[in-house]
Amino acid sequence: SRYLDGLNLETRKQARFIDSRKEVIPLEKSVLIQYCDMQAEIKELRRLTKMTEERLEKIEKEGAVIDVVSGGMGGIQHFTVEGFPVPGYTKAKNLLISRKQRLKMKEEELLELTNQAEEYIESIEKSELRIMFRLYYIEGLTWAQVAMRMNSLFPKRKIAYTEKNC
């Protein structure tokens, strides 16, 4: 493939593609950091999407809004105006659509990064390290939780796993 032409043989073996951009990403541990960052970004996008959905529900539930405005006779008369807040509702609806599209796109990117992260972890020689990396990066456990899980997997180990030696 023409995307790999300029790379040396070792990099070609380790290269992976992100389909939407046809960008070559070398298989390296920075993919683990990208994976964690992408998870955080998706979590934030989900929070913002939920907030926008709640705002739309509130507008729909409240229905018509009422306001008092001044005018007529030199601004001394007061008028009650009632109506549905179409501009606010439309803006929130468009924002929700946009956020849902971005969320879907980011989730697809995360799937690709998950594959890359798992491939990197599988390339680690030591089995114990692979397990620790999988627990921390893929399953999202804290290092303390990783240590507890490792101790349950390897109960006969002379030196117990701790948060500091994981």
Side-chain angles (χ1 to χ4, degrees), residues 1-61 88-166:
S1 74
R2 68 179 193 264
Y3 300 107
L4 295 175
D5 290 344
L7 303 175
N8 68 35
L9 182 61
E10 189 57 35
T11 305
R12 277 190 231 177
K13 286 180 186 174
Q14 293 182 342
R16 299 293 177 260
F17 291 96
I18 294 179
D19 291 337
S20 62
R21 295 187 303 261
K22 298 292 187 225
E23 179 182 346
V24 177
I25 304 290
L27 193 58
E28 54 188 34
K29 67 181 174 182
S30 67
V31 76
L32 298 176
I33 295 162
Q34 292 170 350
Y35 177 77
C36 292
D37 292 347
M38 183 70 73
Q39 283 181 315
E41 184 178 2
I42 286 173
K43 184 177 181 181
E44 178 62 10
L45 259 175
R46 284 183 181 143
R47 186 188 68 78
L48 290 171
T49 301
K50 186 174 191 264
M51 198 172 73
T52 307
E53 286 172 337
E54 289 168 356
R55 187 175 349 148
L56 272 173
E57 286 174 16
K58 183 180 176 192
I59 291 171
E60 290 169 353
K61 183 180 174 185
Y89 180 80
T90 303
K91 184 178 175 183
K93 190 77 171 171
N94 290 337
L95 182 61
L96 179 62
I97 291 167
S98 172
R99 285 184 172 159
K100 283 185 173 183
Q101 287 172 341
R102 266 199 336 262
L103 181 59
K104 184 180 180 199
M105 213 172 66
K106 293 296 177 187
E107 286 173 336
E108 288 170 5
E109 285 181 39
L110 181 64
L111 185 59
E112 179 61 34
L113 275 175
T114 302
N115 292 336
Q116 291 178 26
E118 287 177 347
E119 285 178 26
Y120 173 73
I121 290 169
E122 284 304 312
S123 74
I124 297 171
E125 284 186 40
K126 291 185 81 176
S127 177
E128 287 178 77
L129 280 178
R130 283 195 307 270
I131 295 168
M132 283 189 266
F133 274 48
R134 207 172 288 117
L135 293 172
Y136 182 77
Y137 289 104
I138 306 298
E139 292 187 27
L141 301 180
T142 65
W143 284 116
Q145 292 169 323
V146 169
M148 287 179 9
R149 184 80 62 89
M150 292 299 289
N151 285 326
S152 69
L153 290 171
F154 300 97
K156 295 180 181 176
R157 189 172 191 258
K158 288 184 181 184
I159 300 171
Y161 289 96
T162 64
E163 186 174 352
K164 292 187 189 231
N165 70 7
C166 271

Where at least one partner belongs to residues 137-156, residue pairs that pass salt bridge (Lys or Arg N to Asp or Glu O under 4.0 Å), sequence neighbours excluded: E139-R149
Output every pair passing salt bridge (Lys or Arg N to Asp or Glu O under 4.0 Å) with a member in residues 91-100, not counting sequence neighbours, ordered by first then second residue. E53-K100
Between Q39 and Y35, is there a side-chain donor-acceptor contact under 3.5 Å, judged purely by atom types and distance? yes
With the side chain counted from C-beta on, respond yes when [X] and [Y] share a heavy-atom pair under 4.5 Å apart, and no when they do not.
X    : Y    : answer
V31  : E119 : no
E109 : Q34  : no
I138 : E118 : yes
N151 : M148 : no

[atom1] of [X] to [atom2] of [Y]: how many Å apart, nearest 0.5 Å?
X    : Y    : atom1 : atom2 : result
I131 : M150 : CD1   : CE    : 5.0 Å
M105 : L45  : CE    : CG    : 9.5 Å
M132 : W143 : CE    : CH2   : 7.0 Å

Could you walk me through whether R102 and E41 pass the salt bridge (charged side-chain N to carboxylate O under 4.0 Å, His left out) check? CA-CA 11 Å; R102 266 199 336 262; E41 184 178 2; over 6 Å; no
Give a yes or no answer on whether the side chain of T114 reaches the backbone of L110 with a donor-acceptor pair at less than 3.5 Å. yes
Starting from the C-alpha separation in whole Å, work towards a yes-or-no answer on salt bridge (charged side-chain N to carboxylate O under 4.0 Å, His left out) for E54 and K50. CA-CA 6 Å; E54 289 168 356; K50 186 174 191 264; 3.0 Å; yes
Looking at [X] and [Y], what are the two nearest heavy atoms and their distance?
X    : Y    : value
I42  : K106 : CD1-O, 3.4 Å
L32  : A117 : CD2-CB, 3.7 Å
T162 : A147 : C-CB, 3.5 Å
A92  : T52  : O-CG2, 3.4 Å

Does E44 pair with R47 as a salt bridge, N-O distance under 4.0 Å? yes
Residue list, ring-ring contact (aromatic ring centres under 6.0 Å, His included) with Y137, at least two apart or on another chain: F133
